[in-house]
K.L.:
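Can you keep this structure in mind? I'll have questions shortly.
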Protein chains: 2
Amino acid sequence: MVIEFLDERSRQILYAVVQSYISKPDPVGSRFVTKKYSFGFSPATVRNIMADLEDLGFLSQPHTSAGRVPTDKGYRFYVDSIMGVREAGGFDSEWGDFVRQFAKKLENIRNDVNNMFWEVTNSLSMMSNYIGVVTPPRAEKTIFNRIDFIRYKEDKVVAILLTEEGVIKNKIIGVDPRLTQDDLNRIADYLNTEYSGQTIDEIKNLLVKKAYREKALWDKLIAKAIKIYEQAISFTEDDVYVSGLYDVMNLPDFSDISKIREISKAIKDKHIILKLLDELSDSEGVHVFIGKENPVEEMKNLSVVASTYKEKERPMGVIALIGPTRMDYSKAIYMVDTIAKCISRTFD
Amino acid sequence: MVIEFLDERSRQILYAVVQSYISKPDPVGSRFVTKKYSFGFSPATVRNIMADLEDLGFLSQPHTSAGRVPTDKGYRFYVDSIMGVREAGGFDSEWGDFVRQFAKKLENIRNDVNNMFWEVTNSLSMMSNYIGVVTPPRAEKTIFNRIDFIRYKEDKVVAILLTEEGVIKNKIIGVDPRLTQDDLNRIADYLNTEYSGQTIDEIKNLLVKKAYREKALWDKLIAKAIKIYEQAISFTEDDVYVSGLYDVMNLPDFSDISKIREISKAIKDKHIILKLLDELSDSEGVHVFIGKENPVEEMKNLSVVASTYKEKERPMGVIALIGPTRMDYSKAIYMVDTIAKCISRTFD
DNA sequence: TATTAGCACTCTCATGCTGAGAGTGCTAAT
DNA sequence: ATTAGCACTCTCAGCATGAGAGTGCTAATA
């Protein structure tokens with residue numbers, strides 16, 4: 001991450017503006033900067049530098065004679081420099097305490113994955129006052145543990161799919177009523193002994209290939225197995241956990257009703273969020289999208305801080321914070337990063 | 001439901017005010033009433049009557065020289081009279097069409113109960129522009145179909161609980177690692193043959209009694225069965241389905257940010273809603289809470305229209321609409337009632 | 001006696017004006 | 001290269017104004 005040009009002084013002032021604005025959303029003026037952060041310069045000098053920063057696109061003025069406000073580009077510069085510091089290791093925090101508590105809590109609900117993700121999402125949003133988002137492990141990447149079929153009504157069967165991660169999915173599927181429970185068990189046994197330990201995705205491919213290669217010779221039961229399995233794993237409507245709209249309303253950034261509408265709209269449709277976070281699902285580390293950088297139209301006025309969590313080095317899902325561009329990036333990045341690591345550790 | 005005193009004229013005018021205000025939230029004045037609804041009276045007469053209605057508590061003025069606005073009591077009177085008409089059968093609607101569509105849709109997702117409830121909630125909120133709420137069948141009232149245990153890891157077992165309604169709950173529980181899968185099957189068999197067809201609640205009681213009565217002689221395995229079963233059915237954190245906050249924001253009633261905060265707060269904590277709707281869960285027909293009538297503090301400025309849905313005459317859960325007191329009660333009541341009936345029919 | 005026309009009164013809301021406050025940009029001095 | 005000084009610009013709160021809407025009361029009317 002290259003911290004572009006900008007001499008020492010300009011940088012200092014840019015940081016001052018960003019930090020001040022993050023902590024209180026008032027446009028910041030030259031006099032204020034010299035007072036609050038005692039560099040050696042006079043307001044006039046600061047004014048000149050600010051004018052330069054504005055020309056370069058890092059700051060902007062709401063109107064002549066208001067102070068300066070950071071632009072998306074300004075935030076970007078700030079964030080890049082934070083990330084630099086962070087990677088150099090000089091980044092530890094007042095929140096260490098809560099993290100320990102959180103980790104303990106996680107351990108307790110490890111078993112109930114659904115519950116666990118809710119807990120994570122809520123904690124995220126409550127602690128940050130931004131919107132917390134967690135995507136569960138993508139079905140295709142989870143590792144198949146076993147499947148079982150339980151007869152339900154005459155022609156209905158409940159398929160229970162267990163993954164190594166402890167995710168359980170179930171679905172009622174219709175089947176040929178002539179299949180006995182014994183048949184169902186045989187099918188389950190076949191799938192379990194043959195495929196346990198591989199990812200859902202791999203299995204899907206293997207089954208398709210197999211069905212194609214041995215088309216003619218195919219045992220009828222196994223043919224059925226494939227069909228049923230395919231029905232059973234079409235669970236894929238991965239849910240997204242989102243929480244914190246209420247808390248976000250208390251931020252001054254959303255004191256305007258139309259802003260709230262905007263953000264509600266953005267998070268209402270979970271597909272939008274999924275679309276955004278999916279792009280990250282194979283990458284590592286913390287990612288930050290600031291305002292316009294956001295690939296999703298609905299979020300051009302918001303910022304997203306996201307990171308993947310992993311199980312044994314395979315990225316599984318994403319956790320993220322969504323907030324105003326005037327976000328406390330330092331805090332958000334720390335939280336997202338730490339919690340992602342917590343989860344990863346819990347999964348191993 | 002007694003439509004108290006109030007002579008014909010007063011009633012007409014009250015209805016006029018309520019209806020006008022519901023369709024557009026502007027205080028309604030005497031002149032307007034005489035123009036829009038051509039009764040035979042002059043504005044002056046209407047003014048006198050309005051003054052009376054205000055004394056009686058049915059109307060109020062935002063300030064001298066604004067028009068009148070209905071009070072909670074005013075809405076209550078209006079709603080009671082609607083309900084009267086409805087019971088007399090003279091209440092059918094422009095929404096008959098959508099209802100047919102909706103019923104068809106329901107049939108298709110009958111199998112996936114979770115999905116079905118989401119669908120209902122969303123439809124409710126989308127069609128009404130209010131907040132749709134559905135509570136799933138209360139666990140205790142559902143009928144036990146069968147339970148199964150699947151070994152998961154050394155000391156962990158997944159319990160799968162099926163109810164007659166098609167609700168599936170699953171939970172990972174810890175067990176004595178010495179229990180073999182055979183043992184587990186025996187336990188499941190025992191529970192399934194013994195208790196299938198009774199409600200979760202009844203079974204709980206029976207088990208407790210039995211354990212108490214035959215304490216000493218008790219087969220170890222059955223003792224385990226009880227323990228496991230008790231763990232397995234402690235699923236009871238019944239979820240509530242809520243949707244429509246975004247749509248409600250577009251109502252003029254919530255153009256003020258603090259109003260939105262209020263309503264968000266009210267629906268954020270689902271326990272609040274549960275508390276409210278639980279009171280209805282044994283009753284029949286449509287219930288309306290208007291503003292202050294609401295037993296829950298957080299909803300003193302909102303109205304709730306709710307009805308229970310049933311399976312074979314046993315009330316199962318509640319569906320409801322939450323909106324401003326300035327609600328289109330006629331529409332809301334019709335929707336809630338009809339959809340509740342739809343669901344009941346689907347369950348039979 | 002019940003209704004209504006007429007009118008004075010009240011309150012809101014949009015508009016426009018004003019002065020204080022904050023912050024800028026430019027110029028000239030250091 | 002920096003800074004003091006100053007004129008300029010823009011916002012915002014406060015205040016006055018007048019139009020508009022709607023009321024309550026009184027006196028006239030059917």
Side-chain angles (χ1 to χ4, degrees), chain A residues 5-14 16-21 23-71 74 252-253 255-256, chain B residues 5-14 16-21 23-71 74 252-253 255-256:
Chain A
F5 35 102
L6 284 203
D7 57 40
E8 181 61 19
R9 272 194 337 185
S10 308
R11 242 187 298 166
Q12 283 187 321
I13 296 201
L14 179 53
V17 173
V18 172
Q19 271 164 19
S20 163
Y21 192 70
S23 74
K24 191 153 167 293
D26 295 332
V28 2
S30 54
R31 211 179 123 72
F32 179 83
V33 170
T34 55
K35 239 185 191 161
K36 182 98 182 202
Y37 310 76
S38 26
F39 315 127
F41 334 121
S42 76
T45 312
V46 174
R47 274 204 286 285
N48 287 329
I49 300 175
M50 278 176 152
D52 292 345
L53 286 171
E54 185 168 0
D55 289 341
L56 291 171
F58 292 105
L59 297 178
S60 75
Q61 282 184 96
H63 54 265
T64 354
S65 140
R68 288 339 199 272
V69 159
T71 60
D253 310 74
S255 61
D256 185 7
Chain B
F5 35 104
L6 284 205
D7 57 38
E8 180 62 19
R9 271 194 337 185
S10 306
R11 242 186 298 166
Q12 283 188 318
I13 295 203
L14 179 54
V17 173
V18 173
Q19 270 163 19
S20 164
Y21 192 69
S23 74
K24 193 155 166 289
D26 294 333
V28 2
S30 54
R31 210 180 124 72
F32 180 83
V33 169
T34 55
K35 237 184 192 164
K36 183 95 180 205
Y37 310 77
S38 26
F39 316 128
F41 335 121
S42 76
T45 313
V46 173
R47 273 204 289 282
N48 288 329
I49 300 175
M50 278 176 153
D52 293 346
L53 286 171
E54 185 168 358
D55 289 342
L56 291 171
F58 292 104
L59 297 178
S60 75
Q61 277 181 295
H63 54 266
T64 355
S65 141
R68 286 342 197 270
V69 159
T71 61
D253 310 72
S255 62
D256 185 7

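Here is the naming used below: chain letters follow the sequence lines, and residue numbers restart at 1 for every chain.
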K.L.:
So do A:L6 and A:F58 actually touch side chain to side chain, heavy atoms under 4.5 Å?
P.N.:
yes
K.L.:
Mind listing the residues from residues 39-52 of chain B sitting with a heavy atom below 4.0 Å of DNA chain D? Number order is fine.
P.N.:
B:R47, B:M50
K.L.:
Which value, rounded to the nearest 0.5 Å, describes the distance between A:L14 atom CG and A:R68 atom CZ?
P.N.:
12.0 Å
K.L.:
Testing the basics here: between B:G74 and B:V18, what is the closest heavy-atom pair and its distance to 0.1 Å?
P.N.:
O-CG2, 4.3 Å
K.L.:
So, for B:P27 and B:G67, which heavy atoms are closest and what is the spacing to 0.1 Å?
P.N.:
CB-N, 3.5 Å
K.L.:
Does B:F41 have any side-chain contact (heavy atoms from CB on, under 4.5 Å) partners at least two apart in sequence or in another chain, and if so, which?
P.N.:
B:R9, B:Q12, B:I13, B:F39, B:T45, B:V46
K.L.:
Nucleotide range of DNA chain C contacted by chain A, 5' to 3', under 4.0 Å to a heavy atom?
P.N.:
C:dA22 to C:dG25
K.L.:
What closest approach, in Å, do A:A16 and A:V33 show between heavy atoms, and which atom pair accounts for it?
P.N.:
CB-CG1, 4.3 Å
K.L.:
Compare every heavy atom of B:A66 with every heavy atom of B:P62, then report the nearest pair and how far apart it is.
P.N.:
CD-CB, 4.0 Å
K.L.:
Any strand is fair game: report the nucleotide pairing with C:dG16 by Watson-Crick or G-U wobble, both distances under 3.5 Å, or none.
P.N.:
D:dC15
K.L.:
On a heavy-atom basis, which atom in A:T71 and which in A:G57 lie closest, and how many Å separate them?
P.N.:
OG1-O, 2.6 Å
K.L.:
Taking a pair as Watson-Crick or G-U wobble with both distances under 3.5 Å, which nucleotide is matched to C:dT27?
P.N.:
D:dA4
